[in-house]
Structure formats: C-alpha cells, structure tokens
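A quick write-up on the structure given underneath.
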Amino acid sequence: MRLTILGGGGFRVPLVYRALLGDRGEGRVTDVTLYDLDASRLTTIGKVLADQAVGHPDPPGVTVTTDLDEAVTGADFVFSAIRVGGLAGRAADERIALEEGVLGQETVGAGGISYGLRTIPVALEIARRIAALAPDAWIINFTNPAGMVTEAMTALLGDRVIGICDSPVGLGRRVAGALGVDPARTSLDYVGLNHLGWLCGLYADGRDLLPSLFADEGALTSFEEGKLFGADLLRTLGALPNEYLHYYYFHRESVGTARAAEHTRGAFLHTQQQRFYDSMDAGGGPTAPRAAWNAWDATRLERETTYMAENRDAVGMGERDSCDLESGGYEQVALALMRAIARDERTTLILNVRGRGRIPALDDDAVIEVPCHVDANGARPIAGAPLPDHGQGLVCAVKAVERAVIHAATTAERAHAVKALTIHPLIDSYTVAKRLLDAYQRHFPELAYLGR
C-alpha cells in the first residue's frame with residue numbers, strides 16, 4: 001500500500017513514519033512518497049527517516065519528489081500536511097494581529113483566517129490533481145485550519161477527504177489518566193468543530209466517569225486542561241473544553257500575555273526548526289550513528305515542552321508536567337484511520353467529517369469534529385451528546401467565519417474575507433478587520449488574488 005505525504009519535508013513527518021514502522025499487519029504501508037516544494041528539507045527528513053529505519057525488518061521504502069503529479073499518481077492514501085508560507089508565515093500572522101490588539105494564532109482568530117485564505121486555494125488545486133490522478137485515493141487532512149480546509153476540499157473530493165486532529169484524543173487520554181483508568185478501556189463523547197469542541201462524556205464499562213471527575217478537586221486539577229481552565233469554570237461548563245477554547249474563555253489574558261512575550265509561538269518555532277534544518281545542511285549534516293534522528297528528537301522534545309506556553313503563563317501554570325507532554329498522537333490517529341479503511345477494521349475515531357445533521361444547528365455539509373464509525377466505506381458520524389448550550393452560539397459563529405473564508409478563497413471576493421474577519425467572535429471591529437486584511441495582503445503575495 002502506498003502513502004503519499006504532502007509537506008513531506010515538514011518537521012512532524014518522522015512521527016508518521018514511526019507509526020508505520022510499528023505496523024506489521026497485512027495491508028500495511030510498504031511505500032512512502034514525500035512531496036515538498038523544498039528539496040533541501042526533503043533531504044533532511046529523508047536522513048531522519050533512514051535513521052529511524054535502522055534495525056527494523058522490512059521498513060517502508062521512502063522516495064522523495066518535488067513534483068505533485070508524480071507524488072499523488074498511484075497513491076492509496078494521501079496525507080496532507082502542507083504549510084503555505086511556512087512558519088515565517090505563521091509568525092507574521094501572529095505579529096500582524098497582535099499589532100491590532102487581537103489574536104493571531106494559526107487556527108484561531110485573525111491568524112487562522114489569514115492562513116485559511118492562503119491555504120485553501122492551494123488545497124483545492126491539490127484536490128483537483130488527486131481527483132484526476134488518484135480518484136480512488138483517500139485523503140487524510142492535517143493541514144490547518146484543519147476543519148476549514150477539509151470542508152473546502154470536500155467540494156471536490158466528497159467523503160474521501162477526512163480531517164484529523166490529535167487534540168480530542170489527547171484530552172481523553174489525560175482525563176483517563178487523572179481518573180486512574182486505562183485510556184484503551186474508555187470511549188469519548190466529544191462534539192464541536194476542529195479546535196472548538198467539548199468532551200461531554202468519558203465512558204468505561206458503560207458508565208460516564210466525568211461526574212466523578214468534577215467531584216474530585218485533586219483529579220480535576222491534576223492534568224493540563226484542568227490547570228488551564230480551573231475547576232470552578234469546568235464545573236460551571238459541565239464539560240471539558242478543547243485546549244484551544246482557552247483563547248475564548250481567557251481572551252484578554254491570552255492577548256495580554258502574547259503581546260508581552262518576547263517572541264510569539266510561531267516565531268519561536270520558526271527559529272527553532274530553522275536551526276535544526278540549518279544544522280543538518282551544514283557540511284552535509286551530522287555523521288554519527290543516528291545523529292539525524294537524535295537531533296530531530298531533541299528539537300521535538302523542546303517543541304512539546306513549550307506547547308501553549310503563553311496560555312499557561314496567562315493563568316500562572318508554569319512549565320508543563322511530564323504527564324502532559326504526550327499528545328493525542330495524530331500519527332496514531334492517521335494510522336488507525338488508514339487501517340480501518342484499507343483492512344475494513346471497524347473502529348471509532350474522532351474525526352473531521354461532514355456532519356449530516358449530527359449538530360442540528362448546522363447544515364449537512366458542515367464539517368464538524370465528532371466520534372465516527374470507520375470501516376472500508378469511510379467515516380460516518382455517530383449519535384452522541386448535543387452541543388453544550390453555552391457552545392451553540394460560538395460554534396455557529398465560527399462556522400459562519402469558516403464559510404466566509406471558503407467563499408472568499410473560491411470566488412476571490414475580497415468583501416467576504418473582510419466579512420470573515422469582522423464576524424469572528426475575537427475581532428470586534430469592521431475597521432480593524434479591514435486594516436488586518438490590508439496588512440496581511442501587504443505581507444503575503446499569496447493574497448493578491450483578493451484584489452484591493
């Protein structure tokens with residue numbers, strides 16, 4: 001089975017390859033094609049993967065290419081993890097927004113809108129090439145803003161494109177750990193949009209364990225989200241928010257901390273990862289055994305340790321605990337999704353798919369993030385808890401923003417880009433919205449298609 005990774009020179013690709021190395025069953029991925037516009041980064045990641053493969057029997061073969069058509073032709077699965085504008089673009093998204101006093105995080109607020117406006121046209125061109133050259137392929141989208149990009153691609157690829165994120169399963173894993181329960185024995189009742197959802201139930205042996213969590217102050221504040229939001233707020237909400245909801249529930253604190261920080265998250269990652277890639281390029285890179293892997297892994301650990309540092313600073317949390325460092329493992333979600341489809345191994349995963357009425361306030365084509373049954377026929381939302389009453393308006397408002405971005409990106413109508421910025425809950429001014437778009441267009445040539 002052949003897997004193509006778009007954005008194959010990206011820093012997180014070794015996580016995917018690590019998951020593939022551990023998969024020994026029938027119908028496993030045997031060939032991986034890495035596609036990227038940056039040939040140097042492809043070479044670097046290729047060295048890391050070669051180090052990973054040492055000692056593994058029959059590892060998946062790896063080829064690299066800068067030709068999109070070559071990359072997708074004949075693929076069974078296409079994993080999309082592109083970043084239009086790179087991390088320098090993310091840093092600019094954040095900086096420009098903060099200059100106007102609003103959030104610019106890559107999937108939340110102004111930054112997410114700018115990123116979506118740059119990314120959707122590229123994602124749609126990729127979708128067209130896949131439809132023409134690999135019409136039977138399944139597309140797994142991790143490109144942010146994941147829900148928005150997935151919804152845009154469904155217009156061309158239908159239900160064969162499925163969005164993934166590791167935040168919900170990571171939250172469920174940490175909650176299970178706080179309760180002393182094996183995460184493998186639990187099932188999650190989760191509902192919302194990508195980076196805008198709530199864990200409404202965590203079940204083991206048919207019993208919802210969340211009420212006992214809310215009743216136990218020590219357990220409730222022992223994991224990252226409990227510390228981030230606080231026990232009082234979580235009990236009031238009656239559900240556990242995705243970590244990205246901190247930008248909404250602690251908006252002023254988040255903006256204040258971000259503006260006071262020496263570097264934004266995007267600027268930090270850009271500097272950190274550029275240092276890694278530059279070190280690998282210098283003189284041909286390190287030559288000691290597994291040196292490429294060791295350099296990559298040290299950089300990865302620093303990345304995970306500093307994740308959402310500004311949010312933790314905003315509520316005085318300090319550094320991350322070791323028990324919070326493990327993410328949900330997006331590579332494991334991707335592998336489980338591929339296995340379920342390729343081998344008809346029926347499973348349940350939290351995915352970004354067309355809702356088909358799962359959230360009554362949204363139309364059937366709206367991409368949402370909920371538990372899904374997955375098998376050879378793809379992914380289908382399953383019944384579960386309704387949106388919390390306090391989340392209804394927020395979800396509808398953010399979905400309207402996503403739709404306005406998609407409309408602007410597919411029609412080049414600048415007014416809809418301004419609309420998206422204006423109606424976002426974290427941007428409270430039409431005047432600011434227009435200034436933001438002007439600033440983003442001055443910085444990003446990719447946004448010239450919107451006119452002036």
- Query: Does Arg339 have any salt bridge (charged side-chain N to carboxylate O under 4.0 Å, His left out) partners at least two apart in sequence or in another chain, and if so, which?
  - Reply: Asp23, Glu345

- Task: Assess whether atom OH of Tyr249 is packed by more than 12 heavy atoms of other residues, nucleotides or ligands within 6.0 Å.
- Result: yes

- Looking at Phe11, does the NZ or CZ of Arg300 lie under 6.0 angstrom from its six-membered ring centre and within 45 degrees of the ring axis? no

- Message: Can you see whether Glu94 engages Gln105 through a side-chain donor-acceptor pair at a distance of less than 3.5 angstrom?
- Response: no

- Message: Under the rule for side chain to side chain donor-acceptor pair (under 3.5 Å), what residues qualify as partners of Arg259, not counting sequence neighbours?
- Response: none

- Side-chain H-bond candidate by donor/acceptor type, Thr33 with Arg2, under 3.5 Å: yes

- Message: Tell me every residue that passes salt bridge (charged side-chain N to carboxylate O under 4.0 Å, His left out) with Glu369, counting only those two or more places apart in sequence or in another chain.
- Response: none

- Task: Could you tell me whether Arg118 sits above the aromatic face of Phe444, with NZ or CZ closer than 6.0 angstrom to the six-membered ring centre and within 45 degrees of the axis?
- Result: yes

- Message: A quick test of your reading: do over 12 heavy atoms of other residues, nucleotides or ligands sit less than 6.0 Å from NE2 of His443?
- Response: yes

- Message: Could you work out, with salt bridge (charged side-chain N to carboxylate O under 4.0 Å, His left out) as the rule, every residue matching Glu413, not counting sequence neighbours?
- Response: none

- Taking only residues two or more places apart in sequence or in another chain, which ones pass salt bridge (charged side-chain N to carboxylate O under 4.0 Å, His left out) with Arg403? Glu151, Asp363

- If the plane angle is over 60° it's perpendicular, under 30° parallel, otherwise tilted; pick one for Tyr247 and Tyr244. tilted

- Task: Could you tell me which residues satisfy ring-ring contact (aromatic ring centres under 6.0 Å, His included) with His416, sequence neighbours excluded, listed by chain and number?
- Result: His407

